[in-house]
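Worksheet: the structure to be examined is printed underneath.
Fair warning: this is a prediction, and the values are worked out from it, not measured in the lab.
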Amino acid sequence: MKKLLTAVIVVAIIVAMACTCPDKDAHQAAVKKEVKTAITDEMGKVAGSTITFYASLVTNLAANLAVDKMVDVKNYGILSVGTVTWGNDTHVVSVGAFGHVFPVGHEFMEKKLEEYLQEKIPVL
């Protein structure tokens, strides 16, 4: 009886995960939020508040367009994984389960953003 109850609970959890697996839009929204936060933080380190505000508006628009094109989501039935391919490397940037997307790979995004800003604004 105990084994049957355990099996029913496990099957119920798997069905719940499958029914609530986040889609590509949810992953993109979570990654965009992380990118916007990283942009604001990085710009705040190098510029005043007025410059940061206007620069963030422009870079956030660019980030929205880039995330839409760069984030690839693979659905594994009970969970989904968002990845970004940069050069020859593919990095996991989000994991989705139970209707939520959990951003991961913050260091990767911050490093690439910092490299990009250094390249575009060499005085930093």
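- M1 forms part of no hydrophobic cluster, judged by ILVMFWY side-chain heavy-atom separations under 4.5 Å.
- A search for side chain to side chain donor-acceptor pair (under 3.5 Å) contacts involving K24 returns nothing, not counting sequence neighbours.
- Of all heavy-atom pairs spanning C21 and G77, the tightest one is CB-O, 3.9 Å.
- Among pairs with a residue in residues 76-85, none fulfils salt bridge (Lys or Arg N to Asp or Glu O under 4.0 Å), at least two apart in sequence or across chains.
- In the hydrophobic clustering of this structure, V101 does not group with I78; members are Ile, Leu, Val, Met, Phe, Trp, Tyr whose side-chain heavy atoms approach within less than 4.5 Å, directly or through other members.
- Under the 3.5 Å distance criterion, with hydrogens and angles disregarded, a donor-acceptor pair is assigned to the side chains of H27 and S80.
- Not counting sequence neighbours, the partners of T90 by the side chain to side chain donor-acceptor pair (under 3.5 Å) test are T85.
- Follow the hydrophobic side-chain contacts under 4.5 Å out from M70 and you reach V73 in the same cluster.
- Residues satisfying the side chain to side chain contact (heavy atoms under 4.5 Å, CB included) test with I9, not counting sequence neighbours, are L5, I13.
- In this view, D72 and K74 satisfy the side chain to side chain donor-acceptor pair (under 3.5 Å) rule, not counting sequence neighbours.
- Taking hydrophobic clusters as Ile, Leu, Val, Met, Phe, Trp and Tyr residues chained together by side-chain heavy-atom distances below 4.5 Å, L79 shares a cluster with V92.
- Counting side-chain heavy-atom gaps under 4.5 Å among Ile, Leu, Val, Met, Phe, Trp and Tyr, the cluster of V11 also holds V15.
- Linking Ile, Leu, Val, Met, Phe, Trp and Tyr residues whenever their side-chain heavy atoms come within less than 4.5 Å places V104 and Y76 in a single cluster.
- Partners of D68 by side chain to side chain donor-acceptor pair (under 3.5 Å), not counting sequence neighbours, listed by chain and number: K32.
- Residues in residues 83-104 take part in no salt bridge (Lys or Arg N to Asp or Glu O under 4.0 Å) pair, two or more places apart or across chains.
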